[in-house]
Amino acid sequence: MDEVKNSMKKEEQAYKRRFSRYFDELKWLYTELYGNDSMFAELCDNMYRFYGEREQSLKRLDMEREEAPDWYKQNDMLGMMFYIDNFAGDMKGTESKLEYLEKCRVNYIHLMPFLDTVEGHSDGGYAVADFRKVQKRLGTMEDLESLTSRCHKKRISVCMDFVMNHTSEDHEWARRARRGEGEYMSRYFFFDSPQIPQEYEKTVPQVFPTTAPGNFTWLPELGHYVMTTFYPYQWDLNYGNPRVFNEMMYNFLFLVNRGIDIIRIDAVPYIWKELGTKCRNLPKVHTIVRMMRIISEIVCPGVLLLGEVVMEPEKVVPYFGTVERPECHMLYNVTTMATTWHTVATRDVSLLKKQLDIVNNLPKEYVFLNYLRCHDDIGWGLDYETLKSQGMEERAHKEYLNEYFLGHSGGSTSRGELYNYDPVSGDGRFCGTTASMCGIEKAGFEQDEEAMALAIRKDVMLHAYMFMQSGIPMLYGGDEIGQVNDYTYKEDPNKAADSRYIHRGKMKWELAAGIEDEKTVEGQIFRQLGRLEEIRKTQKAFVSYGTVWTIETWEPSVLCIAREFEGEKVIGLFNFSEHDKTAWINEEDGLYRDLISGEKRKAAGIDIPGFGFYYLKRERG
């Protein structure tokens, strides 16, 4: 009993210490933004309340992570994202599949949106109707707590989406606003005439110009326009209202108290709106994110913030904050992902090398989440200034990329579909799984064994390259077994209009049952990815804060990435062409050992088969 009391006293002292450390900055930021002392006092009171409600096991985990703040930067971190229903039916089903995730060497799972939504108006779960309720078909909050608790026992961290920019039109606030209640209307952006919405439209870009044009929706029953940046059923929240900020922070703390370790802040650049601007990336966005980070550091310091910011790596840097005043712990490496697929289509690594050099030269405190595919489409937001200097015009190149991945040009073996294609601008986004984009779907359909072997090699090479990047690798559920596109979404009227569901198919557990059979496609991919994951986990050069750089290969199709930490050096070579190539590197620092085959050799003039790769580790002298 005394031991429990002493532990609780220690935790209470830790809270007071953290609160004292951050109080002045939090009050200053809040006062600058809102100038409302009573609302600030309410926020502080509720922070302490949520801390008091936090489970002892989570408080112990907080303190453990406080003592090892780089816990998420280690070389054993490997994530996987998936939809709960597609993966295992519901939360209880997911809990029953944790042993499978352990076989995948995954210790970080991103549960795609699972909060309450309305069927047909869910936007894949991003139109939240209730931030404190799980979708009925997926389970309950108690099921979530059971799942996170079991994950923690297996040292698996759990991530979820926190949709801050908007709510569903079916959220209680929206329903009361629709009834004309002023307090709730003030939590959104309402206008009774088109004048101000028209002023916004002059400067604010459209997110979905073909499927959801404009940034406002007219509500005839209320006689008002409401701001809807994404879809008409997603109403933008007004963070100029301190009540909105406070209540959303209470939702945030409620969710992390259910055992969530990583909060993915959805569409973070959009959360502050000002007339006469693009309503993107405004300075007060950073004030809000910094306050959120402080609140987290005080109440639940073991929780990480992951920002979804879809821009070039050098432009997303402000969302990390500064070393003295950090904001997000991690950010997605979105542009590099898109450039990776550009490299696949062009067989030219120059643009990818340039972007990797930018990321590699950023401070090591900045951690990027790297991935090949995710739940979303691929938008071709590339560095067109650089591409123009290489003779590539933006519209023509976007059209080429879409034609290539549709399988129509460039010797492509890819399969997939376009999303939100605009015939006027020629702009469009691409949807498909990694395996289908690598040719596994085509080779399987045609029963072409030679083509299948090449497609598998391409798939594995891309994963090997992703594991070499600076940051944390993230698998998309099903990629570990080479799952291909699922066209059955067209049979569901609630999904048929959204081609992103082509790569949101159900997990093929009948394929997963064959992961031990190396004669199967799934067995080959699973075994080879497992070998790569084991190498990354055991070679300390792969820590996120190690030194990473690229090496010129003098071969347009071959990328070379080097990593070094505490004297250990690993070189990765990746052939983005289907043809055999030679990497004309000459690392004159001794012999290297191939981490796949064990063969020793010099790192010079290396021949690489089509879509092949090497992991070479420098031998100690």
Side-chain angles (χ1 to χ4, degrees), residues 8 10-34 39-73 108 148 152 157-160 162 164 239 242 245-265 268 271 284-307 318-331 363-367 544-545:
M8 293 177 66
K10 184 179 179 182
E11 290 162 1
E12 185 75 12
Q13 289 172 341
Y15 179 87
K16 290 179 178 178
R17 170 179 51 79
R18 297 192 297 259
F19 185 79
S20 177
R21 175 185 175 187
Y22 290 110
F23 176 80
D24 288 342
E25 184 187 355
L26 181 59
K27 184 175 183 181
W28 175 71
L29 291 170
Y30 195 97
T31 302
E32 282 285 303
L33 197 61
Y34 298 123
M39 289 293 288
F40 178 71
E42 179 202 286
L43 174 66
C44 292
D45 288 345
N46 276 286
M47 287 166 57
Y48 185 68
R49 175 173 67 83
F50 279 105
Y51 174 77
E53 294 172 357
R54 193 161 173 77
E55 290 286 340
Q56 290 300 119
S57 60
L58 297 178
K59 291 179 180 178
R60 287 194 296 271
L61 188 57
D62 287 335
M63 295 185 74
E64 177 185 315
R65 290 172 174 173
E66 268 194 299
E67 293 171 2
D70 289 339
W71 65 272
Y72 63 98
K73 300 178 182 179
Y108 159 19
T148 58
H152 291 154
S157 299
V158 182
C159 173
M160 71 168 290
F162 186 58
M164 284 184 66
Y239 279 91
F245 177 81
N246 281 24
E247 294 293 340
M248 290 302 286
M249 290 305 99
Y250 305 156
N251 287 331
F252 160 64
L253 293 174
F254 173 86
L255 292 166
V256 298
N257 275 2
R258 308 283 77 77
I260 299 297
D261 304 276
I262 302 157
I263 288 287
R264 176 190 178 273
I265 311 175
V268 62
I271 58 180
K284 289 176 182 176
V285 169
H286 296 282
T287 302
I288 290 172
V289 178
R290 175 58 184 158
M291 287 197 294
M292 190 174 180
R293 173 69 178 258
I294 290 173
I295 291 167
S296 176
E297 294 283 3
I298 293 172
V299 180
C300 48
V303 171
L304 304 179
L305 301 183
L306 167 63
Y319 288 90
F320 284 117
T322 65
V323 175
E324 297 79 17
R325 292 187 172 88
E327 295 176 24
C328 293
H329 295 82
M330 303 184 295
L331 295 173
K364 295 305 172 188
E365 290 83 4
Y366 300 164
V367 178
S544 290
Y545 43 84

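- Of all heavy-atom pairs spanning Arg264 and Cys159, the tightest one is CB-SG, 4.0 Å.
- Residues passing the side chain to side chain contact (heavy atoms under 4.5 Å, CB included) test with Asn251 are Phe131, Arg132, Phe162, Met248, sequence neighbours excluded.
- Contacts of Phe252 classified as ring pair (Phe, Tyr, Trp, His ring centres under 6.0 Å), with partners at least two apart in sequence or in another chain: none.
- Remark: Arg290 engages Glu25 in a side-chain hydrogen bond (donor to acceptor under 3.5 Å, both in side chains) (not counting sequence neighbours).
- Residues forming a ring pair (Phe, Tyr, Trp, His ring centres under 6.0 Å) with His152 (at least two apart in sequence, or on another chain): none.
- Using a 4.5 Å heavy-atom threshold, the side chains of Val256 and Leu58 count as separate.
- With sequence neighbours left out, the salt bridge (charged side-chain N to carboxylate O under 4.0 Å, His left out) criterion links Lys73 to Asp70.
- For Phe245, there are no ring pair (Phe, Tyr, Trp, His ring centres under 6.0 Å) partners, not counting sequence neighbours.
- Two residues are said to be in side-chain contact when any heavy atoms from C-beta on lie closer than 4.5 Å; Gln56 and Glu11 meet this criterion.
- Legend: residues meeting side-chain hydrogen bond (donor to acceptor under 3.5 Å, both in side chains) with Tyr108, ordered by chain and number and at least two apart, are absent.
- Residues satisfying the side chain to side chain contact (heavy atoms under 4.5 Å, CB included) test with Lys364, not counting sequence neighbours, are Tyr545.
- In this structure, Val303 and Arg65 have side chains that are not in contact, with every pair of non-hydrogen atoms separated by 4.5 Å or more.
- Residues Met160 and Arg258 have side chains not in contact (no heavy-atom distance under 4.5 Å, counting atoms from C-beta outward).
- For Phe23, the side chain to side chain contact (heavy atoms under 4.5 Å, CB included) partners at least two apart in sequence or on another chain are Phe19, Lys27, Phe40, Cys44.
- To the nearest 0.5 Å, the span separating CG on Leu305 from CD1 on Ile265 amounts to 4.5 Å.
- In this structure Glu66 satisfies the salt bridge (charged side-chain N to carboxylate O under 4.0 Å, His left out) test together with Arg17, Arg18, sequence neighbours excluded.
- Within the 4.5 Å cutoff, side-chain heavy atoms of Met39 are placed close to those of Tyr30.
- Under the side chain to side chain contact (heavy atoms under 4.5 Å, CB included) test applied with Met330, the options Tyr319, Tyr366, Tyr72 reduce to a single match, Tyr72.
- Qualifying side-chain hydrogen bond (donor to acceptor under 3.5 Å, both in side chains) partners for Asn46, counting only residues two or more places apart in sequence or in other chains: Arg49, Tyr250.
- The backbone N or O of Glu12 lies less than 3.5 Å from no partner atom in the side chain of Lys59, so there is not a single donor-acceptor pair.
- Annotation: the span from Met291 atom CE to Glu32 atom CD amounts to 11.0 Å, rounded to 0.5 Å.
- In this structure, Phe254 and Glu53 have side chains that are not in contact, with every pair of non-hydrogen atoms separated by 4.5 Å or more.
- The shortest side-chain heavy-atom distance between Ile298 and Met47 falls under the 4.5 Å cut-off.
- Glu64 pairs by the side-chain hydrogen bond (donor to acceptor under 3.5 Å, both in side chains) definition with Arg155, not counting sequence neighbours.
- Inter-residue side-chain proximity for Leu61 and Asp261 is flagged as met; some heavy-atom pair is nearer than 4.5 Å.
- Using modelled atom types, no side-chain atom of Ser157 and backbone atom of Ile262 make a donor-acceptor pair closer than 3.5 Å.
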